[in-house]
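The figures here come from the full heavy-atom set of this structure, side chains too, leaving out hydrogens, waters and symmetry mates. Numbers here simply count residues along the sequence, with the first being 1.
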Amino acid sequence: MKKPLLTVVLVSLLSASAYAGSAFTEAKDSVKYRQSAFQLIRHNMADIADMLKGDVNYDAERVNKRATALATLTTLPWEAFTVPGAEKGGGDAKAAVWKNLSDFQSRGEKLATDALALKTAADSMDQAEVRKAFGSFARNCKACHDEYKN
């Protein structure tokens, strides 16, 4: 079961940047793309958070599934911010994104790295390790929102 899942993740990662580079014909397309990626990140993140808070029963297999998704999803939205005219395409991003694009992009890379650490913790099936890794992931996510999202 893990081998097919790993194959899907690797193919997604390898093809995502090639697809993303050709997917945007207009700035508004890049906005839709990044918003969709962020929605999927939010969904997977919220499910893990609900389990860690005790709002729903903790399910290590489900956490692993969500963490696997996050490891891929967190690599997707960043390129969409570099499309010419993306800053005028709409969405909730502050103008500070484009004024500090290198900082913004490095925060995106950090989020993807944190997602990989979360995936490693989820693979261990140790809830305490997941909680610790998720805390780092969530803090980075919030810090970027505080700085760059309306």
Smallest separation among heavy atoms of Ala67 and Ala122, with atom names: CB-CB, 3.8 Å
Leu76 side, atom CG; Ile41 side, atom CD1 - distance, nearest 0.5 Å: 7.0 Å
Phe134 and Met45: CA distance, side-chain angles, deciding distance, side-chain contact (heavy atoms from CB on, under 4.5 Å) verdict: CA-CA 9 Å; Phe134 185 80; Met45 187 177 176; 3.7 Å; yes
ILVMFWY cluster, Phe137 and Leu116 together (side-chain gap under 4.5 Å): no
Minimum heavy-atom distance Gly90-Arg34, with the two atoms named: O-NH2, 3.0 Å
Test log, rule side-chain contact (heavy atoms from CB on, under 4.5 Å), inputs Phe81 and Ser30: CA-CA 7 Å; Phe81 288 93; Ser30 71; over 6 Å; no
Spacing of CG belonging to Leu101 relative to CD belonging to Glu87, to within rounding of 0.5 Å: 10.0 Å
Nearest-0.5 Å distance, CD of residue Glu109 to CG of residue Asn140: 11.5 Å
Nearest-0.5 Å distance that lies between atom CZ in Arg42 and atom SG in Cys141: 11.0 Å
Salt bridge (Lys or Arg N to Asp or Glu O under 4.0 Å) contacts in which one or both residues fall within residues 129-140, not counting sequence neighbours: none
Residue pairs involving residues 46-58 (criterion side-chain hydrogen bond (donor to acceptor under 3.5 Å, both in side chains); sequence neighbours excluded): Asp47-Arg62, Asp47-Arg66
Distance flag, aromatic centroids of Trp78 and Phe38, threshold under 6.0 Å: yes
For the student: nearest non-hydrogen atoms of Pro77 and Tyr33, plus distance: CA-CE2, 4.5 Å
Salt bridge (Lys or Arg N to Asp or Glu O under 4.0 Å) pairs, two or more places apart, involving residues 89-105: Asp103-Arg107
Distance (rounded to the nearest 0.5 Å) between Asn64 CG and Met125 CE: 5.0 Å
Contact summary for Val97 and Ala93, nearest pair of heavy atoms: CG2-CB, 4.0 Å
Smallest separation among heavy atoms of Ala115 and Thr74, with atom names: CB-OG1, 3.5 Å
Asp59 versus Met51, closest heavy-atom pair with distance: N-SD, 3.4 Å
Passing option when Leu70 is tested against Ile48, Leu111, Leu40, Thr75 for side-chain contact (heavy atoms from CB on, under 4.5 Å): Ile48
